[in-house]
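The block underneath contains the structure these notes are about, expressed in structure tokens.
Only heavy atoms go into these numbers, but all of them, side chains included; no hydrogens, no water, no symmetry mates.
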Amino acid sequence: MKKLDKLVLSSFWGPFIITMSVVVFVFLMRIMIFYIDDFVSKDLGIFDYAQLFFFFSLITVPTALPLAMLLSSLMAFGNLGEFFELTALKSAGISVVRAMAPLFIVAIGISIFSFFFNDRVSPWANLKGYSLLYDIKTTKATLKIKEGIFYNDLPGYSIKVDEKEENGKLKGMVIYKHSNRSYELGNTEIILADSGRMYSINDNRYLVIELYNGTRYTDEVNSGGGRPAYISSSMTGASPNFSNFSRNGFRHYRLTESLSSFGMKRTDEGQFKYHEFMKNINDLTSTADSLRTSYIETQKNLVPGSQQYYSYNYKEGTDKTIKSGPWIDSLLAIPLSDSLKKEVLTNTKNASASMLSYVKSQTDYLQTKLKDANKYELEKHHKYTQALSCLIMFLIGAPLGAIIKKGGFGVPVLVSILFFILLYVLTNQGDKWVKEGLLVVPVGAWMANTVLFLAGMYFISKARSDSRLFEKDVYQMYVKRIKTKWASRFGKTRLMES
């Protein structure tokens with residue numbers, strides 16, 4: 001390896017590793033902040049969070065690689081230009097394109113890595129990450145009771161506490177204990193206590209509620225079923241149902257309930273495999289092909305399937321096409337009574353309404369099939385476009401760094417963000433147009449890469465000619481030249497008029 005290649009590579013790898021780490025961290029924090037409400041008050045262990053962070057870090061890698069490639073290549077050549085190393089290379093007869101050669105090979109390698117990562121690792125990470133996130137979102141919050149507010153998340157109980165002390169003691173406790181028929185019978189058991197405490201045992205599998213100095217009120221409905229005693233028979237007009245009302249005082253009363261409903265339960269990951277983000281290229285191709293085959297089969301069966309809505313045109317023995325014939329004219333010529341005409345008209349309206357409903361439902365079904373097929377095919381193309389965008393971002397970043405001649409995290413970061421936003425906007429717009437049916441899938445999927453590739457070729461041509469594209473004095477001189485030209489032309493015009 002030549003010293004030139006070592007110089008360029010040494011100025012690239014440092015910024016690449018730093019920017020890659022920063023970009024992954026930023027994307028990871030964005031995802032975590034978006035789902036922060038789902039993590040609050042959940043009794044999750046460090047291992048659960050570590051798993052979630054690991055999977056989502058892998059998910060962000062294909063998105064972070066193009067931005068890291070753009071920023072690091074721009075910083076590398078910006079530093080070379082800022083410290084006149086690039087100028088020394090040019091004076092030695094080495095072109096900018098030759099200086100970019102080692103990083104071009106690296107960019108190809110990163111693109112290949114991105115492709116295999118996006119095809120093999122990303123579907124697995126998406127499946128693991130989003131299934132774990134779903135389990136966390138569906139996990140109940142931990143048992144946290146607020147003062148003066150009824151807590152209803154513990155199955156079978158409504159608990160209110162007037163005051164919570166720092167030592168864990170609870171004062172002024174009211175507990176409504178609901179039976180399985182509480183929706184029918186109302187509150188049949190109420191416990192009032194001056195104080196108490198709550199704690200978990202057996203690795204948080206059971207909750208213990210200890211109450212002190214209180215009263216337990218129970219309304220035991222008779223075995224025949226019916227209403228509690230406080231519901232009067234005069235209110236319902238039915239025969240009275242009798243119940244036994246009891247009141248028991250206590251100095252110490254203990255309740256033990258299971259907390260199994262609060263633990264996180266892992267769902268079957270197979271429920272999430274239908275999503276396009278969970279599939280590799282082979283699965284996406286197979287699913288898209290099967291959807292398009294189903295779409296074509298449904299189209300072929302439209303006419304045969306509509307036979308049930310026609311009484312004559314699809315009589316058995318005909319060629320099963322909608323054609324008018326003399327036998328229809330002969331039927332129309334038959335005189336009909338008014339009652340029979342009314343019946344024929346009613347049947348015709350019903351048949352027309354049924355046919356219209358059939359056409360609408362089949363149209364919606366076909367559109368859904370086509371959208372789903374486009375969605376899977378679009379994701380398959382993105383496996384390639386995301387990988388190739390790493391190379392395209394290098395073709396933009398390297399010549400821009402040579403033109404701007406600014407290193408560090410100032411101007412390169414600003415330029416990188418602008419081009420990354422352009423990539424993001426063009427990609428989303430192309431996807432939107434494909435899903436709306438305005439563009440075919442390949443055009444919409446490759447639109448962003450095509451535009452940015454042309455921009456990269458333009459910047460390379462400018463870097464080869466040592467263009468001063470981003471120097472303000474060039475534009476000041478250009479504006480001054482235009483003003484001088486217009487001033488001289490305006491002066492000649494006034495002289496001729498005089």
Side-chain angles (χ1 to χ4, degrees), residues 1 5 8-24 27 57-77 96-126 277 279-282 284-285 377-402 412 415-417 419-424 426-427 430-431 441-460 463:
M1 182 181 292
D5 301 333
V8 175
L9 291 175
S10 62
S11 62
F12 169 79
W13 283 118
F16 179 79
I17 294 173
I18 294 174
T19 53
M20 184 66 188
S21 303
V22 171
V23 170
V24 170
F27 277 104
S57 297
L58 294 178
I59 292 172
T60 59
V61 168
T63 306
L65 275 175
L67 180 57
M69 193 71 201
L70 172 64
L71 182 55
S72 55
S73 60
L74 202 154
M75 289 176 61
F77 279 88
V96 176
V97 176
R98 171 62 186 87
M100 294 179 185
L103 285 190
F104 181 77
I105 297 174
V106 170
I108 293 176
I110 292 176
S111 297
I112 295 174
F113 167 79
S114 177
F115 171 74
F116 283 103
F117 189 95
N118 211 1
D119 185 43
R120 307 293 173 81
V121 181
S122 289
W124 173 79
N126 275 297
F277 293 149
K279 297 179 180 292
N280 56 25
I281 289 179
N282 292 332
L284 290 169
T285 303
E377 189 175 349
L378 192 63
E379 182 61 26
K380 182 183 73 172
H381 280 276
H382 281 325
K383 301 286 187 185
Y384 299 96
T385 58
Q386 280 192 325
L388 193 61
S389 62
C390 297
L391 179 61
I392 293 175
M393 285 302 180
F394 162 75
L395 296 178
I396 293 175
L400 272 180
V415 175
S416 299
I417 290 175
F419 276 98
F420 185 78
I421 290 175
L422 181 61
L423 173 66
Y424 179 80
L426 289 176
T427 301
D431 293 352
V441 175
V443 175
W446 291 91
M447 182 178 69
N449 280 9
T450 303
V451 173
L452 293 177
F453 175 76
L454 296 176
M457 292 295 99
Y458 172 76
F459 289 134
I460 288 177

- Apply the test side-chain contact (heavy atoms from CB on, under 4.5 Å) to residues W13 and V106: give CA-CA distance (whole Å), side-chain angles for both, the deciding distance (0.1 Å), then the verdict. CA-CA 10 Å; W13 283 118; V106 170; 3.7 Å; yes
- Under the side-chain contact (heavy atoms from CB on, under 4.5 Å) rule, what do I392 and M69 come out as? Steps first, then yes or no, please. CA-CA 9 Å; I392 293 175; M69 193 71 201; over 6 Å; no
- Please walk me through it: do I59 and F27 pass side-chain contact (heavy atoms from CB on, under 4.5 Å)? CA-CA 10 Å; I59 292 172; F27 277 104; over 6 Å; no
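Nearest heavy-atom pair, T19 versus S72, reported as atom, atom and distance to 0.1 Å: OG1-CB, 4.1 Å. Residues C390 and S111 approach most closely at CB-OG, 3.5 Å, considering heavy atoms. Nearest heavy-atom pair across V24 and A64 is CG2-CB, 3.9 Å. Between F77 and A402, the shortest heavy-atom contact is CB-N, 3.8 Å. Contact record, S122 with P62: OG-CG, 3.3 Å, taken as the closest heavy-atom pair. Looking at every heavy atom in both residues, S57 comes nearest to T60 through O-OG1, 2.8 Å.
Put simply, the side chain of T427 reaches to within 4.5 Å of the side chain of H382, judged on heavy atoms. Side-chain contact between I281 and F115 is present, with at least one heavy-atom pair separated by less than 4.5 Å. At least one side-chain heavy atom of K383 sits under 4.5 Å from a side-chain heavy atom of P123. Taking the side chain as every heavy atom from C-beta outward, N449 and L423 approach each other to under 4.5 Å. Contact check for L65 versus F117: no side-chain heavy atoms found under the 4.5 Å cut-off. A 4.5 Å side-chain heavy-atom check between M100 and L395 finds every atom pair outside the cut-off. For the pair L400/F419, a side-chain contact is recorded, criterion being any heavy-atom separation below 4.5 Å from C-beta on.
Classified by interplanar angle (parallel below 30°, tilted 30° to 60°, perpendicular above 60°), the ring pair H381/W446 is perpendicular. Relative ring orientation between F12 and F16 is described as parallel, the plane-to-plane angle staying below 30° on a 0-90° scale split at 30° and 60°.
The environment of CZ in F420 is crowded: more than 12 heavy-atom neighbours from other residues, nucleotides or ligands sit within 6.0 Å.
Going from atom CG of L388 over to atom CE of M393 covers 11.0 Å, rounded to the nearest 0.5 Å. Within the model, atoms NZ of K380 and CG of D119 stand 11.5 Å from one another, a figure rounded to the nearest 0.5 Å. With rounding to the nearest 0.5 Å, the separation of CD1 in I396 from CG in L74 is 10.0 Å. Atom CD1 in I417 sits 7.5 Å away from atom CG in L67 (nearest 0.5 Å). One distance of note links CG of L452 with CG of L391; it measures 12.0 Å at 0.5 Å rounding.
Although no hydrogens or angles enter the test, the distance criterion places no donor-acceptor pair under 3.5 Å between the side chain of S114 and the main chain of I110.
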